[in-house]
2 protein chains.
Amino acid sequence: MDEALRAVADPTRRAIMELVRDGERSAGQLADRFPQMSRPAVSQHLRVLADAGLVDVRRDGNRRMYALRPQGLADAAGFIERMWSTQLRRLKEAVENE
Amino acid sequence: MDEALRAVADPTRRAIMELVRDGERSAGQLADRFPQMSRPAVSQHLRVLADAGLVDVRRDGNRRMYALRPQGLADAAGFIERMWSTQLRRLKEAVENE
DNA sequence: AGGCTATGTAAGCAACTTCTTACACTCTAG
DNA sequence: CTAGAGTGTAAGAAGTTGCTTACATAGCCT
């Protein structure tokens, strides 16, 4: 979970995830979407995402295709849900006490 | 969202959130739970959490009481859900195509 | 083979994080 | 009022992150 949450904490990486969310994208296609930063920078972000299990990589000849891997967020989602549920529980208690 | 996700990316801060999840805790009570690190370190983590809107602070005489503020995770939860839903959508499509 | 395309890796630097110790502040209690 | 408890803030060290440029690797095409 730690790795996934640290990966997701970066806005560029979240943007990449939004992009690959709709289907596979090559490293180059992704890099093109970030004209303000160098291609290697994007490549490094992709590595972080892959290491965190947030994207899948597939070789396609010359290119590398990246796709979202939502399971990688399972534990993070669990944590957030656990925090979130507190609100619901509290709300319920508040309602019951009035 | 950025601030919340960066705050949550740290394991100590997540642990703090788990602790205040069940109700208010004073700074000192929280610091006691992290014997391996200094009290000021915990205090600094609490500040990060408060700045990110993930905890509420209340002064109680000499002490400061911290409580979880789950709304602070709303945007983060939204992001994760948006990624997550992809899986469901894909699954649905896969089922429909077979 | 040789050159071009697509991509990753290495090295290094600047900025940021997360600690620590030392200090300041603010209530409460006697 | 003074002492001590509870807590935040300041300054600085050490480690980590996120970039850049330069280089390496691997597949494709003529």
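Reminder, nothing fancy here: chain letters follow the sequence lines and each chain counts from 1. All figures in this text were calculated on a predicted structure; none of them were measured in a lab.
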K.L.:
Salt bridge or not between Arg47(A) and Asp51(A)? Use side-chain N to carboxylate O under 4.0 Å.
P.N.:
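Asp51(A) and Arg47(A): salt-bridged.
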K.L.:
Contact class for Ala27(B) vs. all strands (heavy atom < 4.0 Å): base, sugar-phosphate, or nothing?
P.N.:
sugar-phosphate
K.L.:
Compare side-chain N and O positions of Ser43(B) against OP1 and OP2 of dT7(D) and report whether any pair is under 4.0 Å apart.
P.N.:
no
K.L.:
Rounded to whole angstroms, how far apart are CD on Glu3(A) and P on dT16(D)?
P.N.:
14 Å
K.L.:
Nearest-Å distance, CZ (Arg58(B)) to C1' (dT7(D))?
P.N.:
15 Å
K.L.:
Just wondering, more than 12 heavy atoms not from Arg58(B) lying within 6.0 Å of its CZ?
P.N.:
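More than 12 within 6.0 Å, yes.
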K.L.:
Under 4.0 Å between any heavy atoms, over every strand shown, what does Arg47(A) touch: base, sugar-phosphate, or nothing? Just pick one.
P.N.:
sugar-phosphate
K.L.:
With the side chain of Asn62(A) defined as its heavy atoms from C-beta on, choose the nearest nucleotide among dG8(C), dT5(C), dC19(C).
P.N.:
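Taking heavy atoms from C-beta onward, the closest nucleotide is dT5(C).
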K.L.:
What is the distance from CZ of Arg14(B) to P of dT18(C), rounded to the nearest Å?
P.N.:
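Roughly 11 Å, once rounded to whole Å.
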K.L.:
Expressed in angstrom and rounded to an integer, what is the separation of Leu5(A) atom CG from dT16(D) atom P?
P.N.:
19 Å
K.L.:
Check whether the side chain of Arg13(A) and the base of dG18(D) form a donor-acceptor pair under 3.5 Å.
P.N.:
no
K.L.:
Between dT20(C), dT17(C), dT21(D), which one does the side chain of Arg6(B) approach most closely?
P.N.:
dT17(C)
K.L.:
Under 4.0 Å: is that the gap between some side-chain N or O of Ser38(B) and OP1 or OP2 of dC19(C)?
P.N.:
no
K.L.:
Assign Tyr66(B) to base, sugar-phosphate, or nothing according to its heavy-atom contacts below 4.0 angstrom with the strands shown.
P.N.:
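Tyr66(B): backbone/sugar contact only, no base atoms under 4.0 Å.
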K.L.:
dT7(C) C1' sits how many Å from Arg25(A) CZ, rounded?
P.N.:
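These atoms are roughly 18 Å apart.
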K.L.:
Under 4.0 Å between a Lys/Arg side-chain N and an Asp/Glu carboxylate O for Asp10(A) and Arg6(B)?
P.N.:
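Answer for the salt bridge query: no.
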K.L.:
Does Ser26(B) or Pro40(A) map to a spot on DNA chain D nearer the 5' end, using the closest nucleotide for each?
P.N.:
Ser26(B)
K.L.:
Please check the phosphate of dT21(C) (OP1 and OP2 only) for any side-chain N or O of Arg39(B) closer than 4.0 Å.
P.N.:
no
K.L.:
Starting at CD of Gln36(B) and ending at P of dT18(C), how long is that distance when rounded to a whole Å?
P.N.:
15 Å
K.L.:
Is Asp60(B) salt-bridged to Arg64(B), cutoff N-O under 4.0 Å?
P.N.:
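Answer for the salt bridge query: no.
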K.L.:
Counting only side-chain heavy atoms from C-beta out, which of dC19(D), dT21(D), dT26(C) sits nearest to Ala41(A)?
P.N.:
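Of all the options, the side chain of Ala41(A) is nearest to dC19(D).
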K.L.:
With side-chain contact (heavy atoms from CB on, under 4.5 Å) as the criterion, how do Tyr66(B) and Leu46(B) come out once you've worked through the C-alpha distance, each side chain's angles and the decisive distance to 0.1 Å?
P.N.:
CA-CA 8 Å; Tyr66(B) 291 87; Leu46(B) 286 170; 3.6 Å; yes
K.L.:
In whole angstrom, give the distance that lies between atom CE of Met37(A) and atom P of dA14(C).
P.N.:
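To the nearest whole Å, that distance equals 19 Å.
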K.L.:
Out of dA6(C), dG18(D), dC19(D), which has the shortest distance to the side chain of Arg63(A)?
P.N.:
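Nearest to the side chain of Arg63(A) among the choices is dA6(C).
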K.L.:
Looking only at atom types and distance, does a side-chain atom of Gln29(A) sit under 3.5 Å from a main-chain N or O of Ser26(A), one as donor and one as acceptor?
P.N.:
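Yes, because the side chain of Gln29(A) sits within donor-acceptor range (under 3.5 Å) of the backbone of Ser26(A).
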K.L.:
Please determine, for the side chain of His45(A), which listed nucleotide (dG18(D), dG6(D), dA22(C)) has the closest atom?
P.N.:
dG18(D)
K.L.:
Kindly say whether, by distance alone, the side chain of Gln44(B) makes a donor-acceptor pair under 3.5 Å with the base of dT7(D)?
P.N.:
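A donor-acceptor contact between them is absent.
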K.L.:
Using atom CG of Asp60(B) as one end and atom P of dG8(D) as the other, report the distance to the nearest whole Å.
P.N.:
13 Å
